[in-house]
Amino acid sequence: MMVTASCLPVVGLDVSKATLAVCYQVGELVKHLEVSNTKTGFQQLVKACGAQCRFVMEATGTYNLALAYYLHEQGGEVAVLNPLVIKRFIQMHLSKGKSDRKDAQWLLRYGQQQPVKVWQPDETVLVECRQLEQVNEQLLKQKTMVSNSLEALQRQPVISKLALKRLQRMLKTLTQQVALVEAELLTLLEQRFADQMTLLCSIPGIGRKTAGMLLLFAGGFTHLDNYRQLIAMAGLSPREHTSGTSIRGKVRITKMGGGLIRGKLFMCSFSAKKMNGACAALFDRLVAKGKNKKLALIAVCNKLLKQAFAIVKSGVPYQADFNSKLAPTA
């Protein structure tokens, strides 16, 4: 996504499940409008403001997606912002009170004053894969719940054979469904990103499932300029908390963003610190300096992401003695 300042008129949109609070400017006059979060409402919005605008909205899960697609199709520029960015912008201006109209006006002001990333819709295959990933996560949660219920039942002094049978059958069904969805997801990713999957699987410590999850998480690496962006997206950037001589907080990771990929990478770090030469050297060096092993494993996760970025961007498979400028050894 490209970051640009806008020469187009800006429209602020506060999106909720049912409605859109719209704020736009005509000359010196700031106007407000409320429409439904439906196609009819989208049409009313474009009729009032025009299509050739920069529409600024917050990411609100599924509620803003249909609107973003519609405005993009109409030829408008769309900016989808992290809600935290707008929250900090409002706090910076010491604003008090909150309403949909006020939020829409702040989005208008942000779009007028700040350069923003122009949103582009993802490829259809990526959208479908993310939906499959969500289904898989729901199935895994259900599987864990049923597994816990089964374990609790088996600890009872009196056990209903019927209850035991039902839970066992549910657990078997959910296990089969998880395997099917994971296979379907990986098949779709391998069809679209065959070369990238092969490259990522060449990295010791990264298996087929992790490679697929990483490609899905990074959108095929097509919109990333450097490995730091990937690390930040995964919530693995270090966050320091110090001030003067009185505050000396521990350096921690941000944990903002990709919890799923972060957990998967952490599991991969155990094998990477043994099988991956650069990761093993990094882990041993940090432990020798007195760092705890969990911190060293997080550093290994970062190293894996650096390697993944360098290898996908260069098109060169993993080589134990190869140091790329894209993934420095630091």
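Please read all numbers here as calculations on a predicted model, not as lab measurements. We number each residue from 1, following the sequence as shown.
The hydrophobic cluster containing L295 does not contain M267, counting ILVMFWY residues as joined when their side-chain heavy atoms lie under 4.5 angstrom apart, directly or transitively. Cluster annotation: V56 is connected to V85 through the hydrophobic network of ILVMFWY side chains, with a link wherever side-chain heavy atoms come within less than 4.5 Å. Cluster membership check: V127 shares its hydrophobic cluster with V80, using side-chain heavy-atom separations under 4.5 Å among Ile, Leu, Val, Met, Phe, Trp and Tyr. Note on M170: it clusters hydrophobically with I159, by side-chain heavy-atom contacts below 4.5 Å among ILVMFWY residues. Hydrophobic cluster membership differs between L171 and L162, with clusters built from Ile, Leu, Val, Met, Phe, Trp and Tyr side chains linked at under 4.5 angstrom.
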Side chain to side chain contact (heavy atoms under 4.5 Å, CB included) between M57 and L67, worked out: CA-CA 10 Å; M57 66 187 76; L67 172 64; 3.8 Å; yes
Q105 vs D14, test: side chain to side chain contact (heavy atoms under 4.5 Å, CB included). Steps then yes/no. CA-CA 9 Å; Q105 190 162 343; D14 186 70; over 6 Å; no
Pair L265-L236, side chain to side chain contact (heavy atoms under 4.5 Å, CB included): steps then yes or no: CA-CA 10 Å; L265 284 168; L236 285 166; 4.2 Å; yes
Would you check, one step at a time, whether the test side chain to side chain contact (heavy atoms under 4.5 Å, CB included) holds for Q307 with C279? CA-CA 10 Å; Q307 291 178 343; C279 291; 4.3 Å; yes
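Between A104 and A21, the shortest heavy-atom distance links the atoms CB-O, 3.4 Å. Of all the heavy atoms in L107 and L13, the pair that sits closest is CD1-O, 3.1 Å. What you find for I86 and E58 is that their closest heavy atoms are CB-OE2, 3.5 Å. When all heavy atoms of G41 and V35 are compared, the pair lying nearest together is O-CG2, 3.5 Å. Summarising the geometry of T60 relative to N64, their closest heavy-atom pair is N-OD1, 3.0 Å, with the distance given to 0.1 Å. Heavy-atom minimum distance, A234 versus I261: CB-CG2, 4.1 Å.
Using modelled atom types, one finds no donor on one side chain facing an acceptor on the other under 3.5 Å when comparing E77 with Q52. Side-chain atoms of S16 and T19 include a donor-acceptor pair closer than 3.5 Å. Checked by atom type, the side-chain pair N136/Q177 shows no donor-acceptor distance below 3.5 Å. Using a 3.5 Å distance cut-off with no hydrogens or angles, the side chains of Q91 and R88 do pair a donor with an acceptor.
One finds the OG1 atom of T173 at 12.0 Å from the NZ atom of K143 (value rounded to the nearest 0.5 Å). Rounding to the nearest 0.5 Å places NZ of K172 at 15.0 Å from CG of L167. Rounding to the nearest 0.5 angstrom, the gap separating the CZ atom in R262 from the CD1 atom in I231 is 13.0 Å. In this structure, OG in S269 is found 11.0 Å from NZ in K294, a value given to the nearest 0.5 Å. A distance of 10.5 Å separates SG of C129 from CD of E184, quoted to the nearest 0.5 Å. Distance check: L282 CG to L297 CG gives 10.0 Å after rounding to the nearest 0.5 Å.
With a 4.5 Å cut-off on side-chain heavy atoms, Q25 and Q112 count as touching. At a threshold of 4.5 Å between non-hydrogen side-chain atoms, the residues N276 and F283 do not count as touching. The closest side-chain heavy-atom distance from V78 to Y69 is not below 4.5 Å. Counting heavy atoms from C-beta on, the side chains of E128 and L132 never come closer than 4.5 Å. Using a 4.5 Å heavy-atom cutoff, the side chains of L189 and Q191 are not in contact. At a threshold of 4.5 Å between non-hydrogen side-chain atoms, the residues C49 and L45 count as touching. Within the 4.5 Å cutoff, the side chain of K291 has no heavy atoms near those of the R285 side chain. Contact of the S160 side chain with the K165 side chain is not registered, since no non-hydrogen atoms from C-beta on lie closer than 4.5 Å.
The main-chain N or O of T144 is never found under 3.5 Å from a side-chain atom of S147 such that the two would form a donor-acceptor pair. Side-chain N or O atoms of K313 include one that pairs as donor or acceptor with a backbone N or O of L224 at under 3.5 Å. Side chain of N37 to backbone of Y63: a donor-acceptor contact under 3.5 angstrom is found.
A 6.0 Å sphere centred on CG of L29 holds more than 12 heavy atoms belonging to other residues, nucleotides or ligands.
Aromatic ring pairs are classed by plane angle as parallel below 30°, tilted from 30° to 60° and perpendicular above 60°; the pair F309 and F221 is tilted.
With salt bridges taken as basic N to acidic carboxylate O contacts below 4.0 Å, none links K141 and E137. The pair D284-K273 does not count as a salt bridge, with every side-chain nitrogen at least 4.0 angstrom from each carboxylate oxygen.
If you run side-chain contact (heavy atoms from CB on, under 4.5 Å) between L81 and each of Y110, W119, F89, only Y110 comes through.
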Name the atoms and distances for all side-chain donor-acceptor pairs under 3.5 Å in residues 199-217, with sequence neighbours left out.
from	atom 1	to	atom 2	distance (Å)
S202	OG	L199	O	2.5
S202	OG	Y318	N	2.9
R208	NE	E190	OE2	2.6
R208	NH2	E190	OE1	3.3
K209	NZ	E182	OE1	3.0

